[in-house]
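First up is the structure itself, then whatever we jot down about it.
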2 protein chains.
Amino acid sequence: MSLRWALIALLTGRPMTGYDISKSFSTSVAHVWHAPDSQIYPELNRMEREGLLTSVEVPWGKKGTKKEYHVTDEGLTEFREWMESPLVPQRQRDPAYLKAAYFDFADPAAVREQLRQQRAYWEEHLAMLERTRASLVDRSHPTLAARIEKLDEREADLAVRYKIYAYDGLIARARTELAWIDDGFTLVDELDGR
Amino acid sequence: MSLRWALIALLTGRPMTGYDISKSFSTSVAHVWHAPDSQIYPELNRMEREGLLTSVEVPWGKKGTKKEYHVTDEGLTEFREWMESPLVPQRQRDPAYLKAAYFDFADPAAVREQLRQQRAYWEEHLAMLERTRASLVDRSHPTLAARIEKLDEREADLAVRYKIYAYDGLIARARTELAWIDDGFTLVDELDGR
DNA sequence: GCCAACTCACTATATCCATAGCTAGTTTGT
DNA sequence: ACAAACTAGCTATGGATATAGTGAGTTGGC
């Protein structure tokens, strides 16, 4: 259900076609809420039917047309309502922790390999988050830039600061994961007698 | 798909009925992999059909019987294979971060209320994790106790240490969330001019 | 003797989500 | 002139997950 709010969040920046959304999703909202095309297109249709979005046919090339989605006042109102409604806490569902709790069933070499893979993944993820954070700070991030154009300086500052705040949280989380993985290497060395 | 491995993990401790599983789930594996009854019962059936589990009918009271599930050798083999197979990294999908990135759409009072709720949730969650960690350290945790009974001291040590390691990760994660929430209070005070 | 609380084992329904495609038009490079 | 790469907008399928039940047997307290 958060998908629709992620879509509205994205469309507050600028009106977009389904294709634009599916592309820019991966460089912005997807860092907090990933979704594949097969969810995005049907959800856009549903939201239009429910009046949260309207669409405008825009010509594309000589013959083609594309559908540009705009957030309606109703959509914005419901988005604000969601923003202020209580959060449903997420259940834990992380295979990495499930595996870690039962590492004694794997041999130490396999455990080290797991840890190496996780470390590589989180390092890459962290680097991406830091790049994105930097593009928010200098306001070069395309989705953000489009959005703050329409705002005055005070509003723009709010929008930017909260986005940086969200990324700071993601970055702290990634660093915590990396520290935990490093503790894992230490532990397996100790238990394996090195 | 991780559900079946969570179930095998639990059943390596001791054979259990579906009901036992659904109950003890919440105090152990659910901390890393939550699942409702409606997933557990069908999955147990499927696993039995596929030969990962066998079941024994056990009398219950005067007339009733219950079904006790045991992990088969095949189940244990597949569990070990999963343990050593590469992890599929999880996509981000966290409404708390989605909201935080767009806090500028909510008024500061609503933002503070959100943060208070999250703080309360994570504090409680952290306390629970620390209680569970303590029960692992002194080996009083029922699921763990049942499991290490059958093991020699070295194997028991491995099982206990890795479980503590997993909880240390969850605890570090919870502390990171709490620190982030506190940063949120500071930020909203600053932006709201207090 | 009866009720409440608990044990046991499910099911029904609907939505969410992932994987993996498809078709057709457009632009760019050679 | 043609192919490759890209833009556009989907769909089909199957499995995962949440919410919310059902109903029957058992135990313990008063």
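Order of the sequence lines sets the chain letters (A, B, ...), proteins ahead of strands, with each chain counted from 1.
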Please check the phosphate of [N] (OP1 and OP2 only) for any side-chain N or O of [X] closer than 4.0 Å.
X	N	result
Arg4(B)	dA16(D)	no
Tyr19(B)	dT7(C)	yes
His34(B)	dA18(D)	yes

Nearest-nucleotide comparison on DNA chain C, the residue closer to the 5′ end among Ala35(A) and Tyr41(B):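 With Ala35(A) and Tyr41(B) compared, the 5'-side residue is Tyr41(B).
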Interatomic distance, [X] [atom1] vs [N] [atom2] [rounded to whole Å]:
X	N	atom1	atom2	value
Met47(A)	dC16(C)	CE	C1'	16 Å
Ile40(A)	dT11(D)	CD1	P	14 Å
Arg46(B)	dA9(C)	CZ	P	18 Å
Met16(B)	dA9(C)	CE	C1'	16 Å
Asn45(B)	dT11(C)	CG	P	7 Å
Glu57(A)	dG25(C)	CD	P	16 Å
Leu7(A)	dC17(C)	CG	P	12 Å
Arg93(B)	dC16(C)	CZ	P	11 Å

For Thr12(B), does its backbone N or O pair with a side-chain atom of Arg147(B) as donor and acceptor, under 3.5 Å?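 Absent.
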Tell me whether Asp20(B) contacts the main-chain N or O of Thr17(B) through its side chain, where contact means a donor paired with an acceptor under 3.5 Å.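 Checking the backbone N and O of Thr17(B) against the side chain of Asp20(B), a donor-acceptor pair under 3.5 Å is found.
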Does a side-chain heavy-atom distance below 4.5 Å link Glu155(B) with Ile148(B)?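 Glu155(B) does not reach Ile148(B) side chain to side chain.
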Determine, for Trp82(A) and Lys99(B), whether the Lys NZ or Arg CZ falls below 6.0 Å from the six-membered ring centre while staying within 45 degrees of the axis.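 Lys99(B) over Trp82(A) ring: yes.
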Any carboxylate oxygen within less than 4.0 angstrom of a Lys/Arg side-chain nitrogen, looking at Arg161(A) and Glu190(B)?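 Judged by the 4.0 Å cut-off on N to carboxylate O distance, Arg161(A) and Glu190(B) do form a salt bridge.
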Assess whether a salt bridge exists between Glu48(B) and Lys67(B), defined as any Lys/Arg side-chain N lying under 4.0 Å from an Asp/Glu carboxylate O.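 Yes.
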When the aromatic ring centroids of Trp180(A) and Tyr165(B) are compared, is their separation below 6.0 Å?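 Yes; Tyr165(B) has its ring centre under 6.0 Å from that of Trp180(A).
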Lys67(A) side chain, from C-beta outward: closest of dT11(C), dC10(D), dA18(C):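 Given the options dT11(C), dC10(D), dA18(C), the side chain of Lys67(A) is closest to dC10(D).
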Polar pairs (N or O, both sides) under 3.5 Å between protein and nucleotides 19-21 of chain C?
| from | atom 1 | to | atom 2 | distance (Å) |
| --- | --- | --- | --- | --- |
| dT19(C) | OP2 | Arg91(B) | NH2 | 3.3 |
| dT19(C) | O4 | Ser38(A) | OG | 2.6 |

